[in-house]
Amino acid sequence: MKAALQAIQQQATQELEQIHDAKELENYRVKYLGKKGEVTAILKQMGKLSPEERPIIGQLANQVREEIEAMIARKGEALKAELLEQQLLAEKLDVTMPGARRPLGKKHPLTQVLDEIKEIFLGMGFDVAQGPEVETDYYNFEALNIPKGHPARDTQDTFYISDNVVLRTQTSSMQIRTMEQKKPPIRVIAPGRVYRSDAVDATHSPLFHQVEGLVVDKGVTMSDLKGTLEIVAKRLFGEDVKVRFRPHHFNFTEPSAEMDIMCFHCQGEGCRLCKGEGWIEILGCGMVHPNVLSICGIDPEEYSGFAFGMGLERLVMRRFNIDDLRLFYENDLRFLDQF
Amino acid sequence: MNLSMRWLKEFVDLDVPTRQYAADMTMSGSKVEGYAVEGSEITNVVVGKCLSVEKHPNADTLVICKIDVGEGEPLQIVTGATNMFPGAYIPVAKDGSTIAGGKEIHKGQLRGAESNGMLCSLAELGLTQHDFPNAIENGIMILDQEYPLGMDIHEALGLNDTCVEFEITPNRPDCLSVIGLARETAATYRLPLKLHTPVVKGGGGPVSDYLKVDVENTKLCKRYIGRMVKDIKIQPSPRWMRERLRASGVRPINNIVDITNYVMLEYGQPMHAFDYRHVKDGHIIVRNAKEGEVITTLDGVERKLSPEMLLICDPDGPSAIAGVMGGEYSGIYDDTQMIVFESACFDNVSVRTTSRKVGLRTEASGRYEKGLDSRNCLPAVERACELVELLGAGTVLDGMVDVDNDQKAPNRIPFQVDWINRFLGIQVSRQEMEAILKPLDIVVDGGELIPPSYRADLEGKADIAEEIARFYGYNKIPTTAITGVAEARLTPGQKFERTAVDTLLAQGLYEVMTYSFVSPKVYDKIRLPKESPLRKSVVIGNPLGEDTSIMRTTVLPSMLEVLSRNYNNRNLSAACFELGNEYLPVDGQELPDERTQAVIGMYGDGVDFYQLKGVVETLLEALNVTGWEIQPQTQDPTFHPGRCAQVVCGQEVLGILGEVHPLVLQNYELGTKAYLAKLDMGRMMAHVGPEKSYHPLPKYPATTRDLAILCDEDLPVLTMEKAIRGAVGDILEQVEIFDVYRGKQIPAGKKSVAYSLVLRAEDRTLTDEETDRAVAGALQALSELGAQLRS
């Protein structure tokens, strides 16, 4: 009997090799461990053994059974793993096929850069103000020290609604509105649409965007103006940017300046991009004119301030190498999709 | 302003390269736009002398010349010109030279004869007869004297000046002159300014025998000086004067006209010369125009005048529009014998208004409207007379008529060194400041500063600070950070807009930006009713064109244009939005109401009403707008009457959405269905609900019941949903439509709507009885609408 058991085990071990799927494995299980299986048959004959032999053979028989059960289990696992492997192989995809994207909209490039500018200024403690685009002559000109008949009005071709109402030509109108509503300390930027009667071409648009800025407090100096705008230039154009301030004239600031950055392309040597100047004009700025402070009820002896204004379109054109301003307002999705 | 460097150097001993000069002047406040060297295109052109002229053996129209260019062997050059003669001094473009326009000249064969270069005409040197009145236009330029042979032509012709172009800001009309820029130059380099005082000999007898001036409007004519010259000999002005005018971009005409232009450029004072024959009775009257008066100006155009305009007249009528342009008989003629020089100061606002109204902008008006200095009138007219004598153009009469009504005291500004230093953030001594101010003619008088009369822009101490800053150097001012408490935040409105933008982007919409002004025709294009109040727009008085002539009262046309453009650019689909303003006029209010709208536009495969509605619903939810409902809207002619809805909150309409009406699609050349929505940002914001607060997650299980309801086709599902909600009450967690069926087994005019109801109580597990009761209630409510459970 002992020999028979050993033979069964040996045979079972050998036979396992031949099994390739779950069905064969089941037949195999039945063949050895089923009710009529070979191991079961041995166990059934246990009664015929002497009491001395019985526990020894019984133990051996159980060992053989457990061994076969374990083999079946292992084989079962192996077969399952193999099956999964095959299935996964069959499910293989061409992962280089294009992805099915969920739709994602895009901000207009002007908004993208404007948001960046707003973030820079919010971080520096500037509120963001908004105001009317259809504006009175008073806020757009008069209170900014540009009386009627002043030649400075000629440099801004104005759209008139009536003698007294215009489409604002500059966001500077927001300087006045801000100072009327709020007492110093003031730190504010005012982005928005402005209008000039320039015919449409690649570099002109009757509608464009400006970002105005205003700081009023006790003891604000021209050094502060330079320091603040230099930081802004670094945030916008990178830490390595070189800036210069150049005298200019605006009626509502005194002294007035324009801030240039050194041309990235030629490093100041002068090239086609900067029209040979080596520098690119970025914004206009200056110390708030005492007359303007007075008009707004702020004592220029006690307070001082600075203001600046930059054109958004030109900034964005430079950022993305856009050579035609009209594209911004044509809104062709093939254009908008590029940013 | 174009500045001749040669002219400048008469006033300042400047010795810096032009590029450096341009950079330095820009940094001290006179912005240089560019500069150009005269005749820089012309190279290797020299003075030659014609030795012989012979007929070309093979061509009747050509001649062969031998030209001595001072290089030993004469050059043989073939030319077609007919004015060559032995002994002529001419410009010779040698082999390998370039002439005007950058054209290269090389030696070659002309009809079998060797030609080693080219003889040049005026045009080939970039010149005209105005520059060299004695040369002819058609033919070789014959030089006016015997220059050394081989001399560079630039040197021979004086064609070697450099012209620097300045951008002068409107506050500095004094810099629209050679002397003004010389003063800035001198201050920039701290060099002495060499000014010249004109001296007039006169001798023509007293001017008072000939001329009388009456200024009727002394407010608009602050000063009027008349000086006279007799025995005029009109001829070309000398070469040095022509050269300077040319380098400054002014065309030489004749000696008298050139003198007026020369003085204007040098002093910045516009001058006019009247032919005395056309000054009736020798009587000049400066007065306002009369109602209905007209004048024919020098350019031959008749112009209507109005009473606020100032005129220069004689007893017969107007002879010039003051400071703008002379009348047709106010010019100088070849036979002019006696002239009156006018050197006057007119009110800047008046000249500006007049010049705009008559539509004439001239060199003179451009200067006057910036505000000129009446003190400059006298030196300018003296200089003109001095030049007359220098040029031998006539005999100057003695004395002048000077009507001067501008005797205001000079401005005085406190000189506060400490304030200036604090304001600019610098440390500059009083002594240094005085050294900066002195070359600018700003006089220090104790604790006060007196700016010169031509610097009307210097009004207060901030203006003085700018002068200090300019010459101290803007870039030497240190940079500091602003101090003080900075507390910035976005307003609720700005946050609301940000959420709207983020939500629309997340739904795959692209942001667009459109013009705020539109054509009045758009109202017809979107089929706005004739009586619609939206047809009343803010109108631009001076638009660029009709297409941009009114401020839009609705953003829909702008979005339709975007869709149309994309469609016609063959973009298969589009989904866009804009936060754009509408400008609504308000009665009794000067400025319109500017209302921001969220406008959505879509077309393309798979886009339908419900997709648009989904976008709108998601937006409303993300913005936390509460109490809204979307109801059918059949009355808006822009939209398909059966596929349009409005978003309402109680009585208030927040917006509209729908499929665009086919006729509107046609108007916008859209060959596909398109969908539009518009929501008023302000109104939505007024309905924002309370801040979100946490609800415990459910502890008890939910029960789901599905109901198929048969109802009339026309019964809106919203009505049914409301009935179900009303009947079931709080335990109705969710009611959802999962199918709408029409067809087999459903009678015509009916539809079957399948609802899935989720019922749950917060505090217990619902019993079957409770659930059954709730469903029965819902069915009862539905039956009152004529809707039954489908059996």
Side-chain angles (χ1 to χ4, degrees), chain A residues 103-108 110-111 122 124-128 132-136 149 151-152 155 159-162 164-165 167 185 187 193 197 199 206-207 215 217 220-224 226-228 230 244-249 254-257 287 289-290 304 328-334 336, chain B residues 26-29 169-171 349 352-353 369-370 422-425 460 462-463 465-466 469-470 474-475 477-482 484 486-488 490 494 504-505 507-516 538-542 544 548 551 562 565-566 569 571 574 576 581 583 590-592 594:
Chain A
L104 176 68
K106 288 185 179 179
K107 276 183 193 169
H108 195 283
L110 290 173
T111 311
L122 276 166
M124 294 170 82
F126 286 70
D127 281 321
V128 180
E133 295 164 26
V134 182
E135 185 58 286
T136 60
T155 60
F159 285 121
Y160 281 91
I161 303 300
S162 66
N164 209 28
V165 179
L167 298 187
R187 272 186 215 183
R193 297 181 161 206
S197 60
L207 180 161
V215 173
D217 202 350
V220 174
T221 69
M222 193 150 169
S223 298
D224 296 338
K226 285 187 64 184
T228 306
E230 217 171 272
R244 75 170 187 187
F245 289 83
R246 172 168 56 69
H248 196 66
H249 170 71
E254 189 75 37
S256 302
M287 301 300 290
H289 199 291
S304 55
F328 288 132
Y329 298 98
E330 278 170 5
N331 299 299
D332 190 315
L333 288 170
R334 293 169 299 178
L336 298 175
Chain B
T26 295
M27 292 313 290
S28 72
T169 51
N171 60 323
V349 176
R352 181 178 183 271
T353 319
E369 66 180 36
K370 293 179 179 71
R422 251 197 338 269
F423 188 59
L424 298 176
D463 301 307
E466 181 172 79
R470 285 203 296 138
Y474 272 31
N475 289 317
I477 296 174
T479 55
T480 52
I482 33 174
E487 181 216 17
L490 294 178
Q494 287 161 352
L504 293 166
L505 290 171
Q507 298 191 81
L509 275 66
Y510 281 69
E511 189 194 18
V512 299
M513 283 202 190
T514 58
Y515 282 166
S516 333
V538 173
V539 179
I540 299 168
N542 55 333
L544 283 177
T548 51
M551 299 301 282
V562 172
R565 189 169 299 120
N566 276 287
N569 287 351
N571 290 323
C576 309
N581 278 1
Y583 307 81
E590 197 167 35
L591 299 181
E594 297 184 14

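Below, read A as the first sequence line, B as the second, and so on, with proteins coming before strands; counting in each chain starts at 1. Computed from a predicted model, the values in this text were never measured in an experiment.
- Two residues are said to be in side-chain contact when any heavy atoms from C-beta on lie closer than 4.5 Å; Met222(A) and Tyr474(B) meet this criterion.
- Side-chain atoms of Thr479(B) do not come within 3.5 Å of backbone N or O of Gly227(A) as any donor-acceptor pair.
- Proximity to chain B involves both the backbone and the side chain of Val134(A), based on heavy atoms less than 4.5 angstrom apart.
- Note that the CZ atom of Arg565(B) and the OH atom of Tyr329(A) stand 13.0 Å from one another [nearest 0.5 Å].
- Neither the backbone nor the side chain of Ser162(A) comes within less than 4.5 Å of any heavy atom in chain B.
- For the pair Met551(B)/Leu167(A), a side-chain contact is recorded, criterion being any heavy-atom separation below 4.5 Å from C-beta on.
- The part of Leu509(B) that comes within reach of chain A is its backbone (N, CA, C, O), which places non-hydrogen atoms under 4.5 angstrom from that chain.
- Residue contact with chain A, scored on non-hydrogen atoms closer than 4.5 Å, involves the backbone and the side chain of Ala574(B) alike.
- Residues Phe328(A) and Met513(B) have side chains not in contact (no heavy-atom distance under 4.5 Å, counting atoms from C-beta outward).
- Distance alone, capped at 3.5 Å, places no donor-acceptor pair between the Asp127(A) side chain and the Leu490(B) backbone.
- For Asn569(B), the parts lying under 4.5 angstrom from a heavy atom of chain A are both the backbone and the side chain.
- With a 4.5 Å cut-off on non-hydrogen atoms, Val539(B) touches chain A through its backbone but not through its side chain.
- With a 4.5 angstrom heavy-atom cutoff, Thr228(A) touches chain B via backbone and side-chain atoms both.
- Between Met27(B) and Arg244(A) the shortest side-chain heavy-atom distance falls below 4.5 Å.
- The structure places CG of Asn571(B) at 5.0 Å from CZ of Arg334(A), a figure rounded to the nearest 0.5 Å.
- Of the possible donor and acceptor atoms, none in the side chain of Ser197(A) sits under 3.5 Å from a partner among the backbone N and O of Leu544(B).
- For Asn542(B), the parts sitting under 4.5 Å from any heavy atom of chain A are the backbone and the side chain alike.
- For Tyr583(B), the part sitting under 4.5 Å from any heavy atom of chain A is the side chain, from C-beta outward, and nothing else.
- Arg422(B) and Thr221(A) get closest at one heavy-atom pair: O-CG2, 3.0 Å.
- Contacts of Ser516(B) with chain A are made by both backbone and side-chain atoms, with heavy-atom separations under 4.5 Å.
- For Pro206(A), the parts lying near chain B are the backbone and the side chain together; criterion is any non-hydrogen pair under 4.5 Å.
- With a 4.5 Å cut-off on non-hydrogen atoms, Glu590(B) touches chain A through its backbone and its side chain both.
- For Thr353(B), no part lies under 4.5 angstrom from a heavy atom of chain A.
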